[in-house]
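Counting from 1, the numbers follow the sequence of the chain as shown. Here the structure is a predicted model, which is why all the values come from computation and not from measurement.
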Amino acid sequence: MTSKKVVELFYDVVSPYSWIGFEVMCRYRHAWNIELKLRPSFLGGIMKGSGNKPPGVISNKFMYMTKDLSRLSEYFDVPLQSPSDPFEAMFQKGSLSAMRFVTAVQAREKDGDKKVERVSRELWRRIWMEDKDITEPASFSEAAMKAGLSDSEIKEVLELYNSKEIKDKLKSSTQNALDHGAFGLPLVVCHVNGKPEVFFGSDRFELMAHCIGEKWLGPQPNQSAAKL
(Lines give C-alpha, C1' and ligand atoms only; values in the text may rest on other atoms or scores of the structure.)
Protein backbone atom coordinates (compact mmCIF):
# COMPACT_ATOMS: atom_id res chain seq x y z
CA MET A 1 0.00 0.00 0.00
CA THR A 2 1.53 3.28 -1.05
CA SER A 3 1.46 6.20 1.36
CA LYS A 4 -1.43 8.58 0.93
CA LYS A 5 -0.87 11.81 -0.97
CA VAL A 6 -1.68 14.88 1.10
CA VAL A 7 -4.33 17.13 -0.46
CA GLU A 8 -5.18 20.49 1.11
CA LEU A 9 -8.52 22.18 0.44
CA PHE A 10 -8.65 25.92 1.14
CA TYR A 11 -12.25 27.14 1.30
CA ASP A 12 -14.71 29.73 2.61
CA VAL A 13 -18.40 29.03 3.28
CA VAL A 14 -19.42 32.27 1.55
CA SER A 15 -18.21 30.76 -1.74
CA PRO A 16 -20.70 28.47 -3.54
CA TYR A 17 -17.93 27.08 -5.74
CA SER A 18 -16.08 26.17 -2.54
CA TRP A 19 -19.10 24.12 -1.46
CA ILE A 20 -18.96 22.11 -4.66
CA GLY A 21 -15.21 21.58 -4.36
CA PHE A 22 -15.63 20.65 -0.69
CA GLU A 23 -18.32 18.01 -1.32
CA VAL A 24 -16.46 16.45 -4.25
CA MET A 25 -13.17 16.23 -2.35
CA CYS A 26 -14.94 14.74 0.67
CA ARG A 27 -16.50 12.11 -1.62
CA TYR A 28 -13.10 11.31 -3.14
CA ARG A 29 -11.32 11.09 0.21
CA HIS A 30 -11.82 7.31 0.12
CA ALA A 31 -12.12 6.79 -3.65
CA TRP A 32 -8.60 8.19 -4.11
CA ASN A 33 -5.53 7.33 -2.07
CA ILE A 34 -5.37 10.76 -0.42
CA GLU A 35 -5.24 12.35 3.00
CA LEU A 36 -7.60 15.33 2.77
CA LYS A 37 -6.74 18.28 4.98
CA LEU A 38 -9.39 20.98 5.34
CA ARG A 39 -8.03 24.54 5.41
CA PRO A 40 -10.68 27.10 6.44
CA SER A 41 -9.65 30.47 4.94
CA PHE A 42 -11.05 33.96 4.40
CA LEU A 43 -12.02 34.72 0.82
CA GLY A 44 -12.11 38.47 1.44
CA GLY A 45 -8.48 38.40 2.54
CA ILE A 46 -7.47 36.40 -0.53
CA MET A 47 -9.26 38.77 -2.90
CA LYS A 48 -7.58 41.76 -1.26
CA GLY A 49 -4.18 40.10 -1.01
CA SER A 50 -4.18 39.03 -4.66
CA GLY A 51 -5.74 42.22 -6.05
CA ASN A 52 -8.63 40.26 -7.56
CA LYS A 53 -12.24 41.41 -7.93
CA PRO A 54 -15.18 39.12 -7.10
CA PRO A 55 -17.39 38.07 -10.06
CA GLY A 56 -20.43 39.56 -8.34
CA VAL A 57 -19.22 43.12 -8.98
CA ILE A 58 -19.05 42.58 -12.76
CA SER A 59 -22.56 42.27 -14.18
CA ASN A 60 -21.83 39.81 -16.98
CA LYS A 61 -19.86 37.53 -14.64
CA PHE A 62 -22.64 37.70 -12.06
CA MET A 63 -25.29 36.72 -14.62
CA TYR A 64 -23.13 33.86 -15.84
CA MET A 65 -22.42 32.70 -12.30
CA THR A 66 -26.14 32.48 -11.51
CA LYS A 67 -26.77 30.13 -14.45
CA ASP A 68 -23.53 28.26 -13.89
CA LEU A 69 -24.34 27.50 -10.25
CA SER A 70 -27.74 26.11 -11.24
CA ARG A 71 -26.12 23.67 -13.67
CA LEU A 72 -23.37 22.73 -11.22
CA SER A 73 -25.89 22.12 -8.44
CA GLU A 74 -27.71 19.57 -10.57
CA TYR A 75 -24.58 17.88 -11.93
CA PHE A 76 -22.73 17.56 -8.61
CA ASP A 77 -25.88 16.99 -6.52
CA VAL A 78 -25.14 19.88 -4.17
CA PRO A 79 -28.37 21.70 -3.15
CA LEU A 80 -27.34 25.25 -4.08
CA GLN A 81 -29.98 27.99 -3.95
CA SER A 82 -28.97 31.62 -4.32
CA PRO A 83 -29.79 33.87 -1.34
CA SER A 84 -32.55 36.41 -1.92
CA ASP A 85 -29.88 39.14 -1.91
CA PRO A 86 -26.57 37.52 -2.96
CA PHE A 87 -24.68 40.82 -2.98
CA GLU A 88 -25.65 41.56 0.63
CA ALA A 89 -24.94 38.01 1.80
CA MET A 90 -21.57 37.70 0.09
CA PHE A 91 -20.11 41.20 0.05
CA GLN A 92 -21.87 43.32 2.69
CA LYS A 93 -22.24 40.74 5.47
CA GLY A 94 -19.39 38.48 4.37
CA SER A 95 -17.95 35.49 6.20
CA LEU A 96 -15.13 36.67 8.48
CA SER A 97 -16.90 35.71 11.72
CA ALA A 98 -18.17 32.45 10.22
CA MET A 99 -14.69 31.39 9.15
CA ARG A 100 -13.30 32.31 12.55
CA PHE A 101 -15.96 30.08 14.07
CA VAL A 102 -15.03 27.20 11.72
CA THR A 103 -11.36 27.76 12.54
CA ALA A 104 -12.15 27.58 16.26
CA VAL A 105 -14.03 24.31 15.76
CA GLN A 106 -11.00 22.89 13.98
CA ALA A 107 -8.59 24.19 16.62
CA ARG A 108 -10.43 22.28 19.33
CA GLU A 109 -11.03 19.11 17.33
CA LYS A 110 -9.04 16.11 18.52
CA ASP A 111 -9.91 13.47 15.91
CA GLY A 112 -9.31 14.55 12.31
CA ASP A 113 -11.66 17.03 10.62
CA LYS A 114 -15.05 15.35 11.18
CA LYS A 115 -16.59 18.17 13.20
CA VAL A 116 -15.18 20.98 11.06
CA GLU A 117 -16.51 19.17 7.98
CA ARG A 118 -20.02 18.94 9.43
CA VAL A 119 -20.07 22.51 10.76
CA SER A 120 -18.79 23.89 7.45
CA ARG A 121 -21.51 21.99 5.58
CA GLU A 122 -24.23 23.33 7.88
CA LEU A 123 -23.03 26.91 7.36
CA TRP A 124 -23.08 26.41 3.58
CA ARG A 125 -26.60 25.03 3.87
CA ARG A 126 -27.66 28.11 5.82
CA ILE A 127 -26.46 30.67 3.29
CA TRP A 128 -26.63 28.71 0.01
CA MET A 129 -29.75 26.63 0.57
CA GLU A 130 -31.89 28.14 3.33
CA ASP A 131 -31.14 31.86 2.80
CA LYS A 132 -30.23 32.30 6.48
CA ASP A 133 -27.69 34.38 8.34
CA ILE A 134 -24.09 33.20 8.90
CA THR A 135 -22.81 36.23 10.82
CA GLU A 136 -24.39 36.04 14.28
CA PRO A 137 -23.44 33.83 17.26
CA ALA A 138 -26.96 32.39 17.34
CA SER A 139 -26.51 31.30 13.72
CA PHE A 140 -23.22 29.58 14.56
CA SER A 141 -24.85 27.82 17.51
CA GLU A 142 -27.68 26.53 15.34
CA ALA A 143 -25.29 25.28 12.66
CA ALA A 144 -23.04 23.61 15.23
CA MET A 145 -26.00 21.98 16.95
CA LYS A 146 -27.19 20.52 13.64
CA ALA A 147 -23.63 19.34 13.03
CA GLY A 148 -23.77 17.32 16.25
CA LEU A 149 -21.67 19.43 18.61
CA SER A 150 -22.67 19.32 22.27
CA ASP A 151 -23.84 22.38 24.20
CA SER A 152 -20.52 22.51 26.06
CA GLU A 153 -18.54 22.29 22.82
CA ILE A 154 -20.59 25.08 21.25
CA LYS A 155 -20.13 27.27 24.31
CA GLU A 156 -16.37 26.69 24.26
CA VAL A 157 -16.07 27.54 20.56
CA LEU A 158 -18.21 30.67 20.94
CA GLU A 159 -15.89 31.85 23.70
CA LEU A 160 -12.86 31.15 21.52
CA TYR A 161 -13.68 32.25 17.97
CA ASN A 162 -12.90 35.96 18.45
CA SER A 163 -9.65 35.30 20.31
CA LYS A 164 -6.26 36.37 18.97
CA GLU A 165 -5.28 32.71 18.68
CA ILE A 166 -8.08 31.99 16.23
CA LYS A 167 -7.74 35.25 14.33
CA ASP A 168 -4.06 34.46 13.80
CA LYS A 169 -4.83 30.88 12.69
CA LEU A 170 -7.29 32.12 10.07
CA LYS A 171 -4.86 34.77 8.88
CA SER A 172 -2.14 32.13 8.62
CA SER A 173 -4.30 29.77 6.56
CA THR A 174 -5.36 32.62 4.26
CA GLN A 175 -1.74 33.70 3.82
CA ASN A 176 -0.77 30.09 3.12
CA ALA A 177 -3.29 30.03 0.27
CA LEU A 178 -1.90 33.31 -1.05
CA ASP A 179 1.61 31.87 -0.86
CA HIS A 180 0.40 29.05 -3.13
CA GLY A 181 -0.77 31.69 -5.62
CA ALA A 182 -4.45 31.88 -4.65
CA PHE A 183 -6.62 34.57 -6.22
CA GLY A 184 -9.94 33.03 -5.18
CA LEU A 185 -11.44 29.91 -3.60
CA PRO A 186 -11.64 26.96 -3.55
CA LEU A 187 -7.95 26.18 -3.89
CA VAL A 188 -6.78 22.57 -3.89
CA VAL A 189 -3.10 21.83 -3.29
CA CYS A 190 -2.00 18.28 -4.10
CA HIS A 191 1.43 17.37 -2.77
CA VAL A 192 3.01 15.11 -5.39
CA ASN A 193 6.62 13.87 -5.21
CA GLY A 194 7.56 16.59 -2.78
CA LYS A 195 6.09 19.51 -4.69
CA PRO A 196 2.66 21.17 -4.74
CA GLU A 197 0.29 20.95 -7.69
CA VAL A 198 -2.20 23.81 -7.32
CA PHE A 199 -5.74 23.84 -8.75
CA PHE A 200 -8.23 26.72 -8.54
CA GLY A 201 -11.98 26.28 -8.70
CA SER A 202 -14.33 23.33 -8.90
CA ASP A 203 -13.80 22.32 -12.54
CA ARG A 204 -10.32 20.76 -12.57
CA PHE A 205 -11.01 17.36 -11.02
CA GLU A 206 -10.09 15.33 -14.14
CA LEU A 207 -6.73 17.11 -14.39
CA MET A 208 -6.21 16.74 -10.65
CA ALA A 209 -6.78 12.99 -10.92
CA HIS A 210 -4.25 12.77 -13.75
CA CYS A 211 -1.62 14.64 -11.75
CA ILE A 212 -1.93 12.44 -8.67
CA GLY A 213 -2.22 9.15 -10.57
CA GLU A 214 -5.89 8.48 -9.82
CA LYS A 215 -9.08 8.11 -11.89
CA TRP A 216 -11.89 10.62 -12.12
CA LEU A 217 -15.13 8.67 -11.63
CA GLY A 218 -17.57 11.55 -11.99
CA PRO A 219 -19.41 13.57 -9.35
CA GLN A 220 -20.51 10.47 -7.39
CA PRO A 221 -17.47 8.14 -7.24
CA ASN A 222 -19.14 5.52 -5.03
CA GLN A 223 -22.01 5.10 -7.49
CA SER A 224 -19.62 5.03 -10.47
CA ALA A 225 -17.35 2.44 -8.82
CA ALA A 226 -20.35 0.21 -8.05
CA LYS A 227 -21.23 0.09 -11.77
CA LEU A 228 -17.72 -1.00 -12.83
Between H30 and N222, is there a side-chain heavy-atom distance shorter than 4.5 Å? no
If Ile, Leu, Val, Met, Phe, Trp and Tyr residues are connected whenever their side-chain heavy atoms lie under 4.5 Å apart, and connections chain through other members, are F76 and V7 in the same group? yes
Find the distance between CE (M63) and CD1 (I58) and round it off to the nearest 0.5 Å. 11.5 Å
Would S139 and E136 count as a side-chain hydrogen bond (donor to acceptor under 3.5 Å, both in side chains) here? Give the steps. CA-CA 5 Å; S139 302; E136 299 294 334; over 6 Å; no
Going by side-chain contact (heavy atoms from CB on, under 4.5 Å), V116 matches just one of R121, Q106, R108. Which one? Q106
Evaluate the side-chain proximity of C26 to E117: yes if any heavy-atom separation is below 4.5 Å, no if none is. yes
V192-W32 co-clustered via ILVMFWY side chain contacts under 4.5 Å: yes
Is the W216 ring parallel, tilted or perpendicular to the F205 ring (thresholds 30°, 60°)? parallel
Nearest 0.5 angstrom please: N176 CG to I46 CD1, how far? 9.5 Å
Interatomic distance, CD1@I20 vs CZ@F22, rounded to 0.5 Å, equals 13.0 Å
Sidechain-backbone polar pair: K5 side chain, I212 backbone, donor-acceptor under 3.5 Å: yes
Applying ring pair (Phe, Tyr, Trp, His ring centres under 6.0 Å) to F140 and Y161, what does each step give before you reach the verdict? CA-CA 10 Å; F140 306 150; Y161 85 100; 5.5 Å; yes
Could you label the plane-to-plane angle of the W124 and W19 rings as parallel, tilted or perpendicular, counting under 30° as parallel and over 60° as perpendicular? parallel
Report yes or no: does E214 contribute a side-chain atom to a donor-acceptor pair with the main-chain N or O of N33 at less than 3.5 Å? yes
Would you sort out whether S97 and T135 count as a side-chain hydrogen bond (donor to acceptor under 3.5 Å, both in side chains), showing the intermediate values? CA-CA 6 Å; S97 293; T135 66; over 6 Å; no
In Å, rounded to the nearest 0.5 Å, how long is the span from CG of L9 to CE of M25? 7.0 Å
Enter the distance from S82:OG to I127:CD1 here, rounded to the nearest 0.5 Å. 10.0 Å
Is the backbone N or O of F42 less than 3.5 Å from a side-chain atom of T174, with the two atoms forming a donor-acceptor pair by type? yes
Main-chain N/O of F10 paired to R39 side chain as donor or acceptor, under 3.5 Å: no
Minimal heavy-atom distance between E165 and L160, with the atoms involved, is OE1-CD1, 3.7 Å
Examine distances only and state if a side-chain atom of S18 and a backbone atom of Y11 form a donor-acceptor pair shorter than 3.5 Å. no
Heavy-atom side-chain proximity of Y28 to M208 below 4.5 angstrom: no
Between S120 and V13, what is the shortest heavy-atom contact and its length? O-CG1, 3.8 Å
Would you give the length of the straight line joining atom CG of L43 to atom OH of Y17, rounded to the nearest 0.5 angstrom? 12.5 Å
Ignoring hydrogens and geometry, is there a side-chain-to-backbone donor-acceptor pair from E122 to A144 under 3.5 Å? no
Can any side-chain N or O of S173 pair as donor or acceptor with the backbone N or O of K169 at less than 3.5 Å? no
Residue pair L158 / S141: nearest heavy atoms and the distance that separates them: CD1-OG, 3.2 Å
Counting N and O atoms only, with roles assigned by atom type, does the side chain of T66 sit under 3.5 Å from a partner on the main chain of F62, one being a donor and the other an acceptor? yes
Within the side chain of W128, is there an N or O that forms a donor-acceptor pair under 3.5 Å with the backbone of P83? no
Mark yes or no for whether S95, through its side chain, and A98, through its backbone, hold a donor-acceptor pair below 3.5 Å. no
